[in-house]
Amino acid sequence: MEIKQLEYFVTAHNCGSLSKAAAKLFTTQPNVSRVIKLFEQELGSPLFERTSKGLKLTAYGKSIYSYAENILKNVNLITDTILYQVIIIFP
């Protein structure tokens with residue numbers, strides 16, 4: 001499991017579509033689709049139902065969404081802490 005996979009998963013859900021997620025992530029829709037598909041294969045379960053109206057989380061996707069969101073928040077906190085130390089404490 002990679003941070004990138006979690007980021008793409010959370011962003012795709014928040015955007016409601018792979019193409020909107022791709023725009024937000026500054027990448028292509030096929031790349032977002034590929035990363036999410038590999039993540040689903042790694043987990044052994046689909047995360048989204050793909051419909052004509054966009055993406056809908058599966059029961060499994062719903063069960064891990066909040067965990068993925070929390071992991072990304074913690075990664076951002078760690079990154080912010082490191083930047084703070086580099087810029088403020090150890091200039």
S33 side chain vs P30 backbone, donor-acceptor pair below 3.5 Å:
no
Approximate separation, where rounding is to 0.5 Å, of E7 CD and L72 CG:
6.5 Å
The criterion is ring-ring contact (aromatic ring centres under 6.0 Å, His included); which residues satisfy it with F48, sequence neighbours excluded?
F9
A side-chain contact here means heavy atoms from C-beta on lying under 4.5 Å apart; do N31 and L25 qualify?
no
How long is the straight-line distance from CD of E69 back to NZ of K73, given to the nearest 0.5 Å?
4.5 Å
How far apart are the C-alpha atoms of M1 and L43, what are their side-chain angles, what is the distance that settles it, and do they pass the side chain to side chain contact (heavy atoms under 4.5 Å, CB included) test?
CA-CA 9 Å; M1 184 178 305; L43 296 172; 4.0 Å; yes
Output the distance between atom CD (E40) and atom CD (Q5), rounded to the nearest 0.5 Å.
10.5 Å
If you take all heavy atoms of A21 and A12, which pair is closest and at what distance?
CB-CA, 3.6 Å
Are I78 and V75 close enough that some pair of their side-chain heavy atoms sits under 4.5 Å apart?
no
Dump the intermediate steps for side chain to side chain contact (heavy atoms under 4.5 Å, CB included) on L77 and N74, then the final yes or no.
CA-CA 5 Å; L77 286 171; N74 285 322; 3.8 Å; yes
NE2/H13 to OG1/T11 distance, rounded to the nearest 0.5 angstrom?
11.0 Å
Are I3 and V35 co-members of a hydrophobic cluster defined by side-chain heavy atoms under 4.5 Å apart?
yes
Kindly indicate, with the supporting measurements, whether the criterion side chain to side chain contact (heavy atoms under 4.5 Å, CB included) is fulfilled by N14 and Y65.
CA-CA 10 Å; N14 291 344; Y65 176 78; 2.6 Å; yes
Output for pair (N76 CG, T81 OG1), nearest 0.5 Å, gives 10.5 Å
Side chain of T58, backbone of P46: donor and acceptor closer than 3.5 Å?
yes
Nearest heavy-atom approach of A68 to V10 is CB-CG2, 3.8 Å
Using 0.5 Å steps for rounding, measure from the CZ atom of R34 to the OG1 atom of T27.
8.5 Å
Quick one, L47 and L55 - any side-chain contact, counting heavy atoms below 4.5 Å?
no
